Visitor: 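This is the structure I want to talk about, given as structure tokens.
Values in this document were obtained by computation on a predicted structure and should not be read as measured data. Computed from heavy atoms alone, side chains included, the values below leave out hydrogens, waters and symmetry copies.
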Amino acid sequence: MQLPIMYHPRKNTIIYSFFSWYIQFIIKKDFAAFNYNQIEVKSDSSILVLANHFSWWDGFFLFYINKKVFKKDFHVLVNAENYSKVSFLKFLGAFAAENKGKDVLETLNYAGQLLDNPQNLVLVFPQGKLYSNHLKNISFEKGVMQMINASQKKINVVFAATFIDYFSKRKPTAHTYLQNWETEEYISLQLLKSAYNKHYDQSVVKQTQITE
């Protein structure tokens, strides 16, 4: 079987351990607090996390949550530019398509294969690029379904919506709202997008109810 033309994750226990500690350190250093809720997932299934994407921090927030809550082998789909520019990402489970077209398809199929291993967590930002934290609706690229269909579909689908507010403090507080979505027998892009945006809307309501 020919390997996909892509940037693969790399294994280095020392580098991984250092940045695992460092991510926790910088979150505590740069934020007044980082809050998230606990959810139950099936331990014998992999986890696909779908999250909004508005900042440099997003992957690190979910890496931290995985370390504290899910305790799976972390993987994240990034673009080729970030994979190359931020050199340590590859040691934290990042992978990317090297080029466009067929390479992207092969990379999405690779992500589906990762999801067949119950020890894995795969983080995907379905918007495909960075958008404002003030969006009212989260768009989904078609690649999300390609990834799911390339797997055996024995997956925990987890929705994550993250927001940042300062209130009266110099440093911001980050909130990530998690939901374990009970998947339907038939999953379509529209159904997935609708379910995620329902969670996103409910998370916005919870976020706007926070006061100091």
Side-chain angles (χ1 to χ4, degrees), residues 1-11 16 39-53 58-63 65-67 69-84 86 89-129 138-161 178-197 199-200:
M1 180 180 176
Q2 185 178 5
L3 290 174
I5 302 173
M6 57 174 288
Y7 296 111
H8 288 272
R10 304 287 179 83
K11 294 288 186 181
Y16 180 90
I39 60 172
E40 295 290 332
V41 295
K42 297 176 182 176
S43 59
D44 61 346
S45 299
S46 62
I47 299 176
L48 171 62
V49 178
L50 302 176
N52 60 323
H53 196 22
D58 301 336
F60 298 143
F61 288 146
L62 272 303
F63 181 92
I65 288 175
N66 178 60
K67 181 180 177 181
V69 179
F70 302 125
K71 298 177 172 59
K72 299 278 190 179
D73 292 335
F74 185 85
H75 300 81
V76 56
L77 176 60
V78 301
N79 61 39
E81 180 183 0
N82 283 333
Y83 183 97
S84 300
V86 188
L89 288 181
K90 64 177 72 72
F91 299 106
L92 300 180
F95 62 98
E98 187 173 347
N99 298 301
K100 296 182 179 179
K102 185 180 178 181
D103 294 345
V104 173
L105 181 61
E106 292 290 353
T107 302
L108 294 172
N109 289 339
Y110 169 78
Q113 293 170 15
L114 287 175
L115 290 169
D116 288 337
N117 184 340
Q119 299 301 317
N120 288 338
L121 177 148
V122 178
L123 167 62
V124 175
F125 301 109
Q127 294 164 284
K129 61 179 74 172
I138 302 301
S139 61
F140 272 50
E141 297 288 330
K142 295 179 181 178
V144 177
M145 282 310 304
Q146 175 64 35
M147 185 186 313
I148 292 174
N149 289 332
S151 75
Q152 296 174 4
K153 297 186 179 180
K154 192 177 181 182
I155 308 168
N156 293 287
V157 177
V158 172
F159 297 150
L178 302 171
Q179 178 194 348
N180 186 21
W181 182 54
E182 294 295 331
T183 57
E184 305 286 342
E185 184 175 349
Y186 170 75
I187 305 175
S188 68
L189 184 66
Q190 188 57 42
L191 178 63
L192 195 62
K193 177 183 175 182
S194 177
Y196 179 86
N197 275 285
H199 168 70
Y200 185 82

Visitor: Search all heavy atoms of Tyr196 against all heavy atoms of Leu50 and return the closest pair with its distance.
Guide: CE1-O, 3.3 Å
Visitor: Can a cation-pi geometry be assigned to Lys11 and Tyr16, taking NZ or CZ under 6.0 Å from the six-membered ring centre and within 45° of the ring axis?
Guide: no
Visitor: Of all residues at least two apart in sequence or in a different chain, which pass the ring-ring contact (aromatic ring centres under 6.0 Å, His included) check with Phe70?
Guide: none
Visitor: Which atom names give the shortest non-hydrogen contact between Leu115 and Ser46, and what distance separates them?
Guide: O-OG, 2.5 Å
Visitor: What are the two closest heavy atoms between Ala161 and Asn52, and how far apart are they?
Guide: CA-OD1, 3.4 Å
Visitor: Going through the distances and angles, do Gln127 and Ile138 end up as a side-chain contact (heavy atoms from CB on, under 4.5 Å)?
Guide: CA-CA 7 Å; Gln127 294 164 284; Ile138 302 301; 3.4 Å; yes
Visitor: Judged by modelled atom types alone, do Asn109 and Gln146 share a side-chain donor-acceptor pair under 3.5 Å?
Guide: yes
Visitor: Enter the distance from Lys193:NZ to Glu141:CD here, rounded to the nearest 0.5 Å.
Guide: 10.0 Å
Visitor: From Met147 CE over to Leu77 CG, what is the distance, rounded to the nearest 0.5 angstrom?
Guide: 5.5 Å
Visitor: Ignoring hydrogens and geometry, is there a side-chain-to-backbone donor-acceptor pair from Asn79 to Asn82 under 3.5 Å?
Guide: yes
Visitor: Looking at Met145, is its backbone amide N or carbonyl O close enough to the side chain of Asn149 to form a donor-acceptor pair, meaning the two atoms are under 3.5 Å apart?
Guide: yes
Visitor: Any side-chain heavy atom of Leu192 sitting closer than 4.5 Å to one from Ile148?
Guide: yes
Visitor: Give the ring-plane orientation class for Phe159 versus Trp181, where under 30° counts as parallel, over 60° as perpendicular and anything between as tilted.
Guide: parallel
Visitor: Can you name the closest pair of heavy atoms from Ala160 and Leu178 and give their distance?
Guide: CB-CD2, 3.7 Å
Visitor: Check whether any side-chain heavy atom of Val41 lies under 4.5 Å from a side-chain heavy atom of Val158, and answer yes or no.
Guide: yes
Visitor: Heavy atoms only: give me the nearest Ala97-Ala80 pair and the separation to one decimal.
Guide: O-CB, 3.4 Å
Visitor: Got more than 12 heavy atoms from elsewhere within 6.0 Å of NZ, Lys42?
Guide: no
Visitor: Could you state the interatomic distance from OH (Tyr110) to NE2 (His8), rounded to the nearest 0.5 Å?
Guide: 6.0 Å
Visitor: Taking atom OG of Ser194 and atom NE2 of His199, what is their separation to the nearest 0.5 Å?
Guide: 13.5 Å
Visitor: Calculate, to the nearest 0.5 Å, the distance between atoms CD1 and CG belonging to Ile155 and Asp116 respectively.
Guide: 7.5 Å
Visitor: Side-chain contact, heavy-atom cut-off 4.5 Å: Leu121 with Asp73?
Guide: no
Visitor: State, to 0.1 Å, how close Ile39 and Asn180 come at their nearest heavy-atom pair, and which atoms those are.
Guide: CD1-N, 3.9 Å
Visitor: Taking it one step at a time, do Asn120 and Lys72 satisfy side-chain contact (heavy atoms from CB on, under 4.5 Å)?
Guide: CA-CA 5 Å; Asn120 288 338; Lys72 299 278 190 179; 6.0 Å; no
Visitor: Less than 4.5 Å apart, any side-chain heavy atom of Lys90 and any of Pro9?
Guide: no
Visitor: Do the side chains of Val124 and Leu48 get nearer than 4.5 Å, heavy atoms only?
Guide: yes
Visitor: Tell me every residue that passes ring-ring contact (aromatic ring centres under 6.0 Å, His included) with Phe125, counting only those two or more places apart in sequence or in another chain.
Guide: His53
Visitor: What distance separates His75 NE2 from Phe95 CZ, expressed to the nearest 0.5 Å?
Guide: 7.5 Å
